[in-house]
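Scroll down for the structure; my scribbles are underneath it.
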Amino acid sequence: MNKKTFFFLTLCCFINSFAQNSFGKGSYVTEKDQKVEGFIKNLDWKNNPTQFEFKSSESSKSEILRISTVKSFEIDDKVKYVKSKVNIDNSSTFVSSLSTEKAPIYTEETVFLKTLVQGDTNLYEYNSATSKLFFYQADNGVVVPLVYKKYFIDDNKVAENNEYRNQLKEVKTCNEVIEKEIGVLKYTTKDLTVFFTKANSCNGGSVNYQSITESEKKNLFHVTLRPGINFSSYSVESKVMPDFYNANFDNKTSFRFGVEAEFVLPFNNNKLAVIIEPTYQYYNADKILDASTNRGVRIKYSSIELPVGLRYYMFLDKNSKIFVNALGVFDAVLEKSKLEYDNTFVTPGLKSSMNMAFGIGYKYADRYNVEFRINSKRDMLPGGTSMESKYKNFSIIFGYTLF
């Protein structure tokens, strides 16, 4: 591992230790119905948790509280979870593993249910690695699963058990929620949240709690202009005639320009994103190999890089965040790129190749960013030439997010 790579990885670990998920003001209710206020670590759970981290004050030491000792917990204006013993249908939702049974296959489990709508009739959500389920509770009564299931019928055709639509007809509603609407209602967070919000608003009623904050869940796709500066070097080694073909080109500074598409994953506080960044870049250099005969070699290299990978954000405050990237880079060499020697017939064209890249950067106000990126070595000479090359590249990249 070279010094640059070691320094980069060390810096990432150092920053990560100071930029963890933040604690939000919240509270929990004990089994003895005692409400305890403090601060809860907001992990923006993708799957329903079985425990959470709590601090009585911002400066105090945190502790882990488990589902066995807590009836409910919430982070103010963010999310609320309520413990309940419910019937969970663990039937597979993958088409290749669907059941032939129309009815749900239940097991009784004690879980934290996420509150989506709270009022006279509550709506809850349960997420696991394999399924998303919804439950409702009328007038503080029993928590009932809303039944939806895909299953196989004859000739491996997929059918749907949409019993939840019949269940919704039993929910107290008003003229705004008619049977026709229920007949097309999808088994999704959006549709069910709209239905129960309407149902609870009937006849002057009100919705007391809704955990999904739309302003925080939208804008998950971004396009960013990414110009930058490359600091590059190139070397060639020959196994057959090293004295004639070996060359070490000087470090060169050049410009690069890319356009990045970022898809932020809607969980874990939007900390993880998938990125793809088509980029134009080039490197041109020449080298005198024999001063007495003025024999030299030239490289003309330009390409479209296609980095694809993951980005992880670490929030510093409301407007500032640090990010790290891990990327696989496919490099498509453009026409007329070649390595050209004087006084020889050897003029190998450069080939497309792949390598890895790692970056660390800073983003401000979700608009401006800068990144320092290091690439692993890239060999661009085709096999059969008895020659190897090493293209090394370090970049400083600037970014302006359009949307």
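From a predicted model like this one, the values you see are computed outputs, not experimental measurements. Residue numbers start at 1 and run along the sequence shown.
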(request) For atom CD of Glu31, decide whether the heavy atoms of other residues, nucleotides or ligands shown that lie under 6.0 angstrom number more than 12. (result) yes
(request) Kindly indicate whether the side chain of Lys169, heavy atoms from C-beta on, has any atom under 4.5 Å from the side chain of Ile182. (result) yes
(message) Let me confirm one number: the OG1-CE distance from Thr344 to Met241, rounded to the nearest 0.5 Å.
(response) 7.5 Å
(message) So, taking the atom named CD in Gln281 and the one named CG in Leu334, what distance separates them when rounded to the nearest 0.5 Å?
(response) 9.0 Å
(request) Please check if the side chain of Tyr341 supplies one atom and the backbone of Tyr245 the other of a donor-acceptor pair under 3.5 Å. (result) yes
(message) Taking Leu185's backbone N and O only, do any of them form a donor-acceptor pair with Tyr164's side chain (distance below 3.5 Å, no angle check)?
(response) yes
(request) Could you pull out the closest heavy-atom pair between Tyr301 and Leu350, with the gap in Å? (result) CB-CD1, 3.8 Å
(message) Please determine whether side-chain hydrogen bond (donor to acceptor under 3.5 Å, both in side chains) holds for the pair Tyr391 and Ser232, giving the CA-CA distance in whole Å, both sets of side-chain angles, and the decisive distance to 0.1 Å.
(response) CA-CA 7 Å; Tyr391 177 69; Ser232 311; 3.1 Å; yes
(message) Quick check for you: to the nearest 0.5 Å, what is the distance between Ser91 atom OG and Tyr151 atom OH?
(response) 12.5 Å
(request) Not counting sequence neighbours, which residues clear ring pair (Phe, Tyr, Trp, His ring centres under 6.0 Å) with Tyr400? List them please. (result) Tyr368
(message) Could you tell me if the side chain of Asn294 sits less than 4.5 Å from the side chain of Ile288, heavy atoms only?
(response) yes
(message) Could you check whether Glu125 and Asn127, counting side-chain N and O atoms only, form a donor-acceptor pair closer than 3.5 Å?
(response) yes
(request) Give a yes or no on whether a salt bridge exists between Lys78 and Asp44, defined as a side-chain N under 4.0 angstrom from a carboxylate O. (result) no
(message) Looking at every non-hydrogen atom in both residues, tell me the closest pair between Val297 and Leu339 and how far apart they are.
(response) CG2-CD1, 3.9 Å
(request) Measure the OG1-CG distance between Thr279 and Asn230 for me, rounded to the nearest 0.5 Å. (result) 9.0 Å
(message) I need the Ser72 OG to Asp33 CG distance, nearest 0.5 Å.
(response) 9.0 Å
(request) Please report the shortest heavy-atom distance between Thr121 and Tyr136, naming the atom on each side. (result) CG2-CD1, 4.0 Å
(request) Say whether, by atom type as modelled, one donor and one acceptor occur between the side chain of Ser84 and the main chain of Val86 under 3.5 angstrom. (result) no
(message) Side chains of Leu192 and Leu116, heavy atoms from C-beta outward: is any pair under 4.5 Å?
(response) no
(message) Could you check whether any side-chain N or O of Asn161 sits under 3.5 Å from a backbone N or O of Lys102, counting only pairs where one atom can act as donor and the other as acceptor?
(response) yes
(request) Hey, could you give me the CG/NZ distance between Asn162 and Lys150, rounded to the nearest 0.5 Å? (result) 10.0 Å
(message) Are Lys83 and Thr110 packed together at the side-chain level, in the sense that at least one heavy-atom pair is separated by less than 4.5 angstrom?
(response) yes
(message) Ignoring hydrogens and geometry beyond distance, is a side-chain donor-acceptor pair present between Ser128 and Asn47 at under 3.5 Å?
(response) no
(message) Assess whether a salt bridge exists between Arg165 and Glu160, defined as any Lys/Arg side-chain N lying under 4.0 Å from an Asp/Glu carboxylate O.
(response) no
(message) Is a donor from one side chain sitting under 3.5 angstrom from an acceptor on the other, for Asn393 and Ser395?
(response) yes
(message) I'd like to know whether Ser352 forms a side-chain hydrogen bond (donor to acceptor under 3.5 Å, both in side chains) with Asp331, so could you lay out the CA-CA distance, the side-chain angles of the two residues, the decisive distance to 0.1 Å, and finally the verdict.
(response) CA-CA 5 Å; Ser352 298; Asp331 182 62; 5.9 Å; no
(message) I'd like to check Asn369 versus Phe398 (side-chain heavy atoms, cut-off strictly below 4.5 Å). Are they in contact?
(response) no
(message) Could you work out, with ring pair (Phe, Tyr, Trp, His ring centres under 6.0 Å) as the rule, every residue matching Phe112, not counting sequence neighbours?
(response) Phe73
(message) Parallel, tilted or perpendicular, judged at 30° and 60°: which one describes the rings of Tyr187 and Tyr148?
(response) parallel
(request) Can you establish whether the number of heavy atoms outside Phe255 located under 6.0 Å from its atom CZ is more than 12? (result) no
(request) Decide yes or no on side-chain contact (heavy atoms from CB on, under 4.5 Å) for Asp89 and Ile105, but give the supporting numbers first. (result) CA-CA 5 Å; Asp89 179 15; Ile105 302 172; 4.1 Å; yes
(message) Which heavy atom of Lys114 sits nearest to which heavy atom of Asn48, and what is that distance?
(response) N-ND2, 3.5 Å
(request) For the pair Glu163 and Lys149, find out whether any cationic side-chain nitrogen is under 4.0 Å from an anionic carboxylate oxygen. (result) no
(message) We want to know whether Ser320 and Tyr362 form a side-chain donor-acceptor pair, criterion being a heavy-atom distance below 3.5 angstrom.
(response) yes
(request) Begin from the C-alpha positions of Met314 and Tyr312 and carry the test side-chain contact (heavy atoms from CB on, under 4.5 Å) through to its verdict. (result) CA-CA 7 Å; Met314 296 167 281; Tyr312 183 75; 3.6 Å; yes
(message) Could you report the tightest heavy-atom contact between Lys55 and Ser60, atom names first, then the distance?
(response) CD-O, 3.0 Å
(request) Give a yes or no answer on whether the side chain of Asp120 reaches the backbone of Asp139 with a donor-acceptor pair at less than 3.5 Å. (result) no
(request) Decide whether Asn90 and Thr107 meet the rule of one side-chain donor and one side-chain acceptor closer than 3.5 Å. (result) yes
(request) Kindly give the heavy-atom pair with the smallest separation between Arg373 and Leu327, and that separation in Å. (result) CZ-CD1, 3.6 Å
(request) With salt bridge (charged side-chain N to carboxylate O under 4.0 Å, His left out) as the test, would you mind laying out the steps for Lys321 and Asp366 before giving the verdict? (result) CA-CA 9 Å; Lys321 49 189 172 184; Asp366 285 329; 2.7 Å; yes
(request) Answer yes or no: is there an ion pair linking Asp342 with Arg298, defined by an N-O contact shorter than 4.0 Å? (result) yes
(message) So Val70 and Gln51, do their side chains get closer than 4.5 Å, heavy atoms only?
(response) no
(request) For residues Tyr28 and Phe54, establish whether the separation of their ring centroids is below 6.0 Å. (result) yes
(request) State yes or no: are the ring centers of Phe52 and Tyr81 separated by less than 6.0 Å? (result) no
(message) Can a donor-acceptor pair be found, under 3.5 Å and without considering hydrogens, that links the side chain of Gln167 to the backbone of Val147?
(response) yes
(message) Are the side chains of Arg378 and Val329 in contact, using a 4.5 Å heavy-atom criterion?
(response) yes
(message) Go through it in stages, so that I can follow the logic: the residues are Ser238 and Asn246, the test is side-chain hydrogen bond (donor to acceptor under 3.5 Å, both in side chains), and I'd like the CA-CA distance, side-chain angles, deciding distance and then a yes or no.
(response) CA-CA 6 Å; Ser238 173; Asn246 281 9; 5.1 Å; no
(request) Using only heavy-atom distances, determine whether the side chains of Tyr124 and Asn122 contain a donor-acceptor pair under 3.5 Å. (result) yes
(message) Strictly below 4.0 Å, N to O, side chains only: are Arg311 and Glu260 in salt-bridge contact?
(response) yes
(request) Flag the pair Arg226 / Arg256 as yes when at least one side-chain heavy-atom distance between them is below 4.5 Å, and no otherwise. (result) yes
(request) Over 60° means perpendicular and under 30° means parallel, so classify the ring planes of Phe249 and Tyr234, tilted if in between. (result) tilted
